[in-house]
*Asks:* 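The structure follows.
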Protein chains: 2
Amino acid sequence: MTDRKPRKDAVRNRASLLAAAEELFASRARPEDVTMSDVAAAAGVGKGTLFRAFGDRTGLIRALYEARLEPLRDAVTAGPPPLGPGTPPLERVPALLDAVLCFKIDHRHLALALEATGSDSPYDADHYDRWHALLRDALEQVPGFGGGDGSGDFAAHALLAAVRADMVEHLVGARGVERERLRSQLADFTARVLGQRSEA
Amino acid sequence: MTDRKPRKDAVRNRASLLAAAEELFASRARPEDVTMSDVAAAAGVGKGTLFRAFGDRTGLIRALYEARLEPLRDAVTAGPPPLGPGTPPLERVPALLDAVLCFKIDHRHLALALEATGSDSPYDADHYDRWHALLRDALEQVPGFGGGDGSGDFAAHALLAAVRADMVEHLVGARGVERERLRSQLADFTARVLGQRSEA
DNA sequence: ATACGATGCGGACCGGTGGTCCGGTTTCTT
DNA sequence: AAGAAACCGGACCACCGGTCCGCATCGTAT
């Protein structure tokens with residue numbers, strides 16, 4: 001009822017804009033020197049169209065981000081182990097963190113652009129709340145995190161902080177750490193937090 | 001030889017500007033709605049003077065931040081235990097993190113302003129490198145982090161990520177977690193990373 | 001096929017921000 | 001006292017995100 005048929009040119013333009021934005025954020029070094037006019041021009045479209053389709057800059061980036069995030073979200077909410085529900089926490093927590101890390105590595109231009117909007121803290125985004133709740137719930141089933149003392153809550157925040165986009169960018173982009181090496185270091189760290197001592 | 005005496009009005013104006021900026025960043029809710037013109041006006045000075053004294057916005061905030069950071073830096077480089085050198089790593093690492101956390105809580109307006117400049121990642125700041133190196137070196141003397149595999153390096157990054165300004169702001173400012181509670185949660189987390197199992 | 005209303009388009013335009021510039025003033029030196 | 005170097009200040013600039021509205025385009029009813 002509420003949704004009338006969208007016009008063809010509208011959906012085509014929306015797609016062009018998303019593609020152009022993806023392109024630009026991936027190619028330019030810093031997210032903040034991709035301007036809205038750039039995106040509109042690259043898509044062969046006027047600025048009015050851009051803002052009509054996505055509201056504002058944050059809306060554009062969020063739309064891109066959520067689109068890329070969808071497969072991972074599905075794998076987590078209704079997929080097979082080790083990501084999906086029904087996985088033992090001691091196995092699921094590292095798997096979740098590893099998945100997030102890989103996502104941030106692969107799409108760090110988008111994640112960086114999202115954080116660089118400045119207008120809102122990353123902690124206000126609703127997808128952060130989802131990841132945090134998921135991780136907290138899993139952690140609280142692990143011995144030592146179960147008490148209602150909030151240790152699981154804080155640990156979830158802290159572990160997610162270890163895969164933040166600008167840190168990943170610093171390690172992978174600036175300092176040249178290889179993907180697999182970073183993954184194994186994160187796995188190591190996670191294991192330590194979970195209380196599984198690693199060999200020297 | 002190279003430094004001639006600075007003029008009196010210059011040093012007075014510089015001081016006024018720092019005071020005015022501190023005031024404004026502390027009072028206004030969001031750092032980005034403190035404009036450069038605001039600062040200049042609040043200090044009773046022209047914009048030209050502001051930019052002449054600090055170069056650009058980042059320079060202003062950095063100057064403020066470093067000034068507030070100095071006492072802590074001194075305590076770490078040449079102070080008594082548990083912060084100063086010569087403290088056993090297992091004791092010093094938690095002490096360092098707790099000190100950074102307290103600093104971030106007390107000065108989160110400045111830390112947030114610094115991260116919100118957008119122009120540069122927090123990981124490019126030289127004070128980050130100092131904290132990281134300090135923490136890494138301490139960690140690498142702890143059993144399990146000693147190998148040249150970079151586990152100490154990554155753990156230092158991850159632990160510092162757990163005290164980032166916007167996360168602290170989210171917990172203390174938005175979610176209303178009390179200072180002491182947060183400190184104890186961080187201590188708990190740190191202990192876990194260091195391999196000291198806590199009781200259930 | 002045609003004509004008409006609704007929907008979307010586009011780029012000129014706006015408010016505001018960080019940063020610059022230069023004529024006039026203040027301070028230091030001799 | 002007087003000259004020169006250093007500094008002040010606010011008008012000014014470039015640019016960005018976002019708005020607006022006359023006009024083109026599309027979907028539909030005939």
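Chain naming here is simple, since letters A, B, ... match the order of the sequence lines and numbering starts at 1 in each.
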*Asks:* Which of these passes ring-ring contact (aromatic ring centres under 6.0 Å, His included) with Y65(B): H127(B), H107(B), H109(B)?
*Replies:*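 With Y65(B) as partner, ring-ring contact (aromatic ring centres under 6.0 Å, His included) holds for just one option, H127(B).
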
*Asks:* Enumerate the residues from residues 31-42 of chain A whose closest heavy atom to DNA chain C is under 4.0 Å, giving them by residue number; use none for an empty result.
*Replies:*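 Hits under 4.0 Å, by residue number: none.
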
*Asks:* Between C1' on dT25(D) and CZ on R12(A), what's the gap in Å once rounded to a whole number?
*Replies:*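 Checked: the CZ to C1' distance equals 10 Å.
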
*Asks:* Using the test side chain to side chain contact (heavy atoms under 4.5 Å, CB included), find all partners of V76(A) that sit at least two apart in sequence or belong to another chain.
*Replies:*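 Expected list: L72(A), L83(A), R92(A), L96(A), W131(A), L134(A).
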
*Asks:* Look up atom CZ in F25(A) and atom CG in L114(A), then write down how far apart they are to the nearest 0.5 Å.
*Replies:*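 Atom-to-atom, F25(A):CZ and L114(A):CG are 9.5 Å apart.
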
*Asks:* Over how many whole Å does the gap from F51(B) atom CZ to dC12(D) atom P extend?
*Replies:*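 Rounded to the whole Å, the gap is 18 Å.
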
*Asks:* Hey, are D149(A) and S151(A) close enough side-chain-wise for a donor-acceptor pair under 3.5 Å?
*Replies:*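 Looking only at side-chain atoms, D149(A) and S151(A) do form a donor-acceptor pair, the distance falling under 3.5 Å.
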
*Asks:* Can you tell me how far the CZ atom of R164(B) sits from the CG atom of L101(B), to the nearest 0.5 Å?
*Replies:*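 That separation rounds to 14.5 Å.
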
*Asks:* Distances under 3.5 Å between protein N/O atoms and the N/O atoms of nucleotides 9-12 of chain C, please, pair by pair.
*Replies:*
residue: dC9(C); atom: OP1; partner: N13(A); partner atom: ND2; Å: 2.6
residue: dG10(C); atom: OP2; partner: G46(A); partner atom: N; Å: 3.4
residue: dG10(C); atom: OP2; partner: T49(A); partner atom: OG1; Å: 3.4
residue: dG11(C); atom: O6; partner: G48(A); partner atom: N; Å: 3.0

*Asks:* Roughly how many Å is it from CG in D56(B) to C1' in dT17(C), rounded to a whole number?
*Replies:*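 Distance check: D56(B) CG to dT17(C) C1' gives 14 Å.
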
*Asks:* Between E180(B) and R183(B), is there a side-chain N and carboxylate O pair less than 4.0 Å apart?
*Replies:*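 A salt bridge is present here (some side-chain N lies under 4.0 Å from a carboxylate O).
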
*Asks:* Whole-Å distance between dT19(D) P and R57(A) CZ?
*Replies:*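 The answer, rounded to whole Å, is 15 Å.
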
*Asks:* In whole angstrom, give the distance that lies between atom CG of L50(B) and atom C1' of dT17(C).
*Replies:*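 Roughly 13 Å, once rounded to whole Å.
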
*Asks:* Between C1' on dG19(C) and CG on L60(B), what's the gap in Å once rounded to a whole number?
*Replies:*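 It is 13 Å, rounded to the nearest whole Å.
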
*Asks:* Flag the pair R68(B) and D106(B) as a salt bridge only when some basic side-chain nitrogen lies within less than 4.0 angstrom of an acidic carboxylate oxygen.
*Replies:*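 Here R68(B) does not pair with D106(B) in a salt bridge, since their nearest N and O are not under 4.0 Å apart.
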
*Asks:* So, taking the atom named CD1 in I61(B) and the one named CG in L110(B), what distance separates them when rounded to the nearest 0.5 Å?
*Replies:*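 One finds 8.5 Å between CD1 of I61(B) and CG of L110(B).
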
